[in-house]
Number of protein chains: 4
Amino acid sequence: MARKPLTNPRKNASQNRSRATVDALIEATARILVREGFEKASTNRIAELAGVSVGSLYQYFPSKEALVAAVIDRHNQEIMRVVRAALAETIELPIEKAVRRLVAVAIEAHRIDPKLHPVLAEQIPRTGQLKDVEAFNREILSLVRAYLESRSELRKIDPELAAFACVSAIEAVAHNAVLNQADTLSDKMVRTLVDETTRMVVGYLR
Amino acid sequence: MARKPLTNPRKNASQNRSRATVDALIEATARILVREGFEKASTNRIAELAGVSVGSLYQYFPSKEALVAAVIDRHNQEIMRVVRAALAETIELPIEKAVRRLVAVAIEAHRIDPKLHPVLAEQIPRTGQLKDVEAFNREILSLVRAYLESRSELRKIDPELAAFACVSAIEAVAHNAVLNQADTLSDKMVRTLVDETTRMVVGYLR
Amino acid sequence: MARKPLTNPRKNASQNRSRATVDALIEATARILVREGFEKASTNRIAELAGVSVGSLYQYFPSKEALVAAVIDRHNQEIMRVVRAALAETIELPIEKAVRRLVAVAIEAHRIDPKLHPVLAEQIPRTGQLKDVEAFNREILSLVRAYLESRSELRKIDPELAAFACVSAIEAVAHNAVLNQADTLSDKMVRTLVDETTRMVVGYLR
Amino acid sequence: MARKPLTNPRKNASQNRSRATVDALIEATARILVREGFEKASTNRIAELAGVSVGSLYQYFPSKEALVAAVIDRHNQEIMRVVRAALAETIELPIEKAVRRLVAVAIEAHRIDPKLHPVLAEQIPRTGQLKDVEAFNREILSLVRAYLESRSELRKIDPELAAFACVSAIEAVAHNAVLNQADTLSDKMVRTLVDETTRMVVGYLR
DNA sequence: GATGAATGAGTTTTCATTCAT
DNA sequence: GATGAATGAAAACTCATTCAT
């Protein structure tokens, strides 16, 4: 992805410009999807908000669907980056800390453009990206499961089910916390919520 | 509202006809939303599937949005009915049974047309029904909280937060169970999942 | 038109009811035409304002066009009645008084539902009532012309042209007076205007 | 606004194309309004007659009403141009010639697409252009009044009323001459009519 | 006769996409 | 490459009219 910056300045310039246009389009699409919903998100409007012509939009994206897919992709990448980083750190921590970290990262991940979520969720089945999301979900579940299996201090339970229950619970608390109570949720309340959720999950696993 | 069938036969006939038309339209809308998404749900198609003319559609619903709002309403009513009934029974049960009942009803509620959920979710902010959903959420939270406060055998925790954590956890497990794994979820697995979730929540509360 | 009132009371009752319905429909149509224009004047709306069902509307008028034609007819009748009455009186008056009377009746006639005028004007060519209006115009012109010919005190001019010029001038002053300045026209101003117009026309004819 | 044709050729090209499209649409609308009335003037038909797509119509006009408003505006502009030019010349002429000129220009103005007039008249109250028309009427009245005030040879009369009466009379004769008798009006008759009307008005003013 | 639910052709309007400049 | 005018299929919506009750 990173090309030699000192050579090919002309080409780089235009590559940068292209990149900037693509980014602007994705960003504009995301914004309009949030503000007005999929229905009202017309390509002309998107192009206008991105500050380019419709023609240019179609230079970079073959269809509206492709644009939306790009938004989904970008959003997924961001979430995956955050979550994967956390999971990688977590693997070595003792349960208490690990769970606390998972809860925290779940909230962090849900705070990434939370209003975009439901809009994209409806489109995912239609853009063929269900596979990606499911794969990611499986990846997380399997990492958590592996972690649980590696911890001898835990009581005997089906690690598959336990992972499922834990991940669900954590994700849900994060989801509800961010989405439903977004405005009224003070930092202190978030911390308490992290404590409680951690306690619930840890209590369950031990 | 319910008139004796032998009086007002004329009016009742036409009322029934109206009612049937309205129901058919809502049903058709729900079906198309599930099958093809909001985008493809054109009023002409909806009318056709409902077996009435577009004109009739607009006789009863001033816009496509109004129709979708009606679908959301109907869906919400069904869920509320199921959940309220369960909560009413639950209030007198001991914790273990109460939680088990809540988990079960959460799954039951999520099994009501689960594919409709994400489609409606996108529309709710735009149809002005957020208030309704939020009110329902608050209602549940407050009932659960009242239950927790009434139970002396529980450890000391902020009942607000505890209720929030429990309801989130339960709801999420149900949501994930029904939505993500719908096809592969055997009855036995569901039962095990109910067990696990119950254990998690009860362990947390005691 | 007047049937024996004491016999056939039943039938008369229903005839009266019919008559009332027809009148209500014509009146409702006129009102809506004024308020919202031809385009927005739907038969359903008209029926509603008239307090009857659409079905009844079509019992009495075979089409929307027929309804509008009835409105035009009623309006024309009213104007004709007023104008004819005035012309009949006028024929024997000396010029000064005759002209003054014509000016007065022109204003009176234009005050009959003045906002309805432009709306009906557009429809007249399409309802086949142009003939009626033209015939009425010719009738007036010919009466005025006959009057002018009968008055020996007038200077020699082509009575056809003179009649045309006089009627036009009178009608126009009335039209502008009523339509353009409707709100701001005090009774005193109207009287002055009648004076001026009379003077103009009389001066022209002598 | 007028750019040198050799600079900005690209932009000018597209500006010209736009301008041509807009003009074609206004022209097509006017034609259809005349031929078939407001009712039958559908946007698809207008676009077709203009030789462009409906999409283009809506690129330039947000609604059918806006199109009609543009037609009204164009028509008003044309009339105003003709009338203003005549009034400017008139101001220095002696009465006889001035009145003759006004009568002539009134006829000329009414000959601009006379069938369009009644159709537009109905729409004006609904397009918010009443203000424009009224302002123009006031402008004319005030110019004529100023003229009358500047002429010492006239008898003493309220110049406001005199202007009103004269303008009305002139306008009416022109209106009736053009509209009602359009087909049968020979040039000679028109000339005689101008003579007569001039005589009437001049006689009145002296 | 009266009613008003139902009809569906026809209208207005939108928007993804193309293409001449 | 960029532009934005143009396209036209398809969507939302209206309304004169019919007809079962």
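Owing to the predicted nature of the structure, the values given are computational and were not obtained by experimental measurement. Here is the naming used below: chain letters follow the sequence lines, and residue numbers restart at 1 for every chain.
- In this structure, B/Tyr60 does not reach the E/dA5 phosphate: none of its side-chain N or O atoms is under 4.0 Å from OP1 or OP2.
- Crowding of A/Arg74 atom CZ: a count of heavy atoms from other residues, nucleotides or ligands under 6.0 Å exceeding 12.
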Which atom pairs link the protein and nucleotides 16-19 of chain F when you take only N or O atoms and keep those under 3.5 Å?
residue, atom, partner, partner atom, Å
F/dA16, OP1, C/Lys64, NZ, 3.0
F/dA16, OP2, C/Thr43, N, 2.4
F/dA16, OP2, C/Thr43, OG1, 3.0
F/dT17, OP2, C/Tyr58, OH, 2.9
F/dT17, OP2, C/Lys64, N, 3.1

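- Side-chain atoms of C/Gln59 lie closest to E/dT3 of the nucleotides E/dA6, E/dT3, F/dT3.
- Screening D/Ile72, D/Ile46, D/Thr21, D/Val71 for a side chain to side chain contact (heavy atoms under 4.5 Å, CB included) with D/Ile26, the sole residue that qualifies is D/Val71.
- Between the side chains of D/Gln129 and D/Asn76, no donor-acceptor pair is found at a separation under 3.5 Å.
- Side-chain nitrogen and oxygen atoms of D/Ser56 include none within less than 4.0 Å of the OP1 or OP2 phosphate oxygen of F/dA5.
- Separating the C1' atom of E/dG1 from that of F/dT21 is a span of 13 Å, rounded to the nearest Å.
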Intra- and inter-strand pairing of DNA chain F, written as dot-bracket with Watson-Crick and G-U pairs under 3.5 Å and | for the latter, reads .||||||||||||||||||||

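- Between B/Ala41 and B/Leu33, the closest heavy-atom pair is CB-CD2, 4.0 Å.
- Listed by first then second residue, pairs satisfying ring-ring contact (aromatic ring centres under 6.0 Å, His included) with a partner in residues 30-78 of chain A read A/His75-A/His117, not counting sequence neighbours.
- Residue A/Ser53 places at least one side-chain N or O under 4.0 Å from the OP1 or OP2 atom of F/dT3.
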